Amino acid sequence: MSEPTTSSTIQPWLREILRSPGGEHELVDAEGPDGPELRCAELGVAFPIVDGIPVLLMDEARTL
C-alpha cells in the first residue's frame with residue numbers, strides 16, 4: 001500500500017492547525033476512494049481535499 005500524498009498537498013503550517021469542524025478532533029491523512037482526504041476517527045467521517053484545499057464541511061464529509 002502506498003503512502004498517502006495528502007500531507008504534501010497541504011501547506012505544513014496549515015496541516016498543523018487543521019481540526020475537525022464537528023468537535024475540533026485531530027484529522028489524519030488518508031487516501032480515500034476519490035483521492036486524498038482527512039479522516040476524523042472520533043466522528044467517523046472523512047473530509048475530501050479538492051485541489052489541495054481541505055473541504056471541512058460536514059455536508060461534504062464521507063461516512064467511514
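For clarity, every value in this text was computed on a predicted model and none was experimentally measured.
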Glu26 meets the side-chain contact (heavy atoms from CB on, under 4.5 Å) criterion, sequence neighbours left out, with none
Is any side-chain heavy atom of Arg39 less than 4.5 Å from a side-chain heavy atom of Leu27?
no
For Arg62, all residues meeting salt bridge (Lys or Arg N to Asp or Glu O under 4.0 Å), sequence neighbours excluded
Glu37
Under 4.5 Å between side-chain heavy atoms, hopping through other hydrophobics if needed: is there a path connecting Leu14 to Leu56?
yes
Using 0.5 Å steps for rounding, measure from the CD1 atom of Ile17 to the CD atom of Gln11.
11.5 Å
Could you tell me which residues satisfy side-chain contact (heavy atoms from CB on, under 4.5 Å) with Val28, sequence neighbours excluded, listed by chain and number?
none
Are Ile49 and Met58 connected in the hydrophobic side-chain network, where two residues link if heavy atoms are under 4.5 Å apart?
yes
What distance do Glu24 atom CD and Leu18 atom CG have between them, rounded to the nearest 0.5 Å?
12.0 Å
State which residues pass side-chain contact (heavy atoms from CB on, under 4.5 Å) with Glu60; sequence neighbours excluded, sorted by chain then number.
Val55, Leu57
Test item: Glu42 and Ser20 side chains (from C-beta on) under 4.5 Å apart, heavy atoms:
no
